[in-house]
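Data block below; observations after.
Computed from a predicted structure; not experimentally measured.
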Amino acid sequence: DPRRYGAIFGLASASFTTTMLLAVVLAPIMNRYLDPRGVLLAASLFLVGAGAIALLRSRSWVEPLSRENAIPGRIVEVGSIEV
């Protein structure tokens with residue numbers, strides 16, 4: 001939905017910045033206690049978990065466009081009926 005692009009890009013930007021800063025803070029700590037393979041495994045597990053959470057959460061609040069919330073001036077197909 002184009003009306004949500006600003007919120008989506010803002011959330012993505014904040015998420016990327018937070019993740020990078022956390023990586024900078026956690027890298028020396030992880031390197032002190034784990035070998036390089038352990039650090040890569042921990043980072044991989046974190047990214048897989050974050051991706052799974054994002055995938056599962058994204059389906060719960062997205063609603064398809066209908067006649068009530070359609071963008072004015074834009075043709076939207078609902079089934080076989082054009083609005």
Side-chain angles (χ1 to χ4, degrees):
D1 184 6
R3 294 174 292 182
R4 295 187 177 132
Y5 284 165
I8 291 170
F9 287 128
L11 177 65
S13 175
S15 299
F16 296 152
T17 304
T18 302
T19 304
M20 285 187 282
L21 289 175
L22 282 173
V24 169
V25 170
L26 291 177
I29 298 168
M30 296 288 280
N31 282 329
R32 180 175 294 176
Y33 297 110
L34 296 173
D35 62 340
R37 287 183 183 177
V39 172
L40 287 174
L41 179 63
S44 300
L45 291 175
F46 172 78
L47 290 175
V48 168
I53 290 170
L55 183 63
L56 293 174
R57 293 290 300 156
S58 67
R59 298 189 186 277
S60 63
W61 61 271
V62 175
E63 56 187 52
L65 287 176
S66 64
R67 290 178 189 219
E68 293 80 30
N69 62 0
I71 299 170
R74 186 166 181 194
I75 297 174
V76 177
E77 286 189 26
V78 180
S80 61
I81 301 171
E82 287 190 8
V83 178

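Through side-chain heavy atoms spaced under 4.5 Å, either directly or across other Ile, Leu, Val, Met, Phe, Trp or Tyr residues, Leu11 is tied to no other residue. By the 4.5 Å side-chain criterion applied to Ile, Leu, Val, Met, Phe, Trp and Tyr, Leu41 is assigned to a cluster that also includes Leu45. Applying the 4.5 Å side-chain rule to ILVMFWY residues, one finds that Leu40 remains a lone member of its cluster.
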Contacts table for residues 18-33: side-chain donor-acceptor under 3.5 angstrom, sequence neighbours left out:
| residue | atom | partner | partner atom | Å |
| --- | --- | --- | --- | --- |
| Thr18 | OG1 | Ala14 | O | 2.8 |
| Thr19 | OG1 | Ser15 | O | 2.7 |
| Asn31 | ND2 | Ala27 | O | 3.2 |

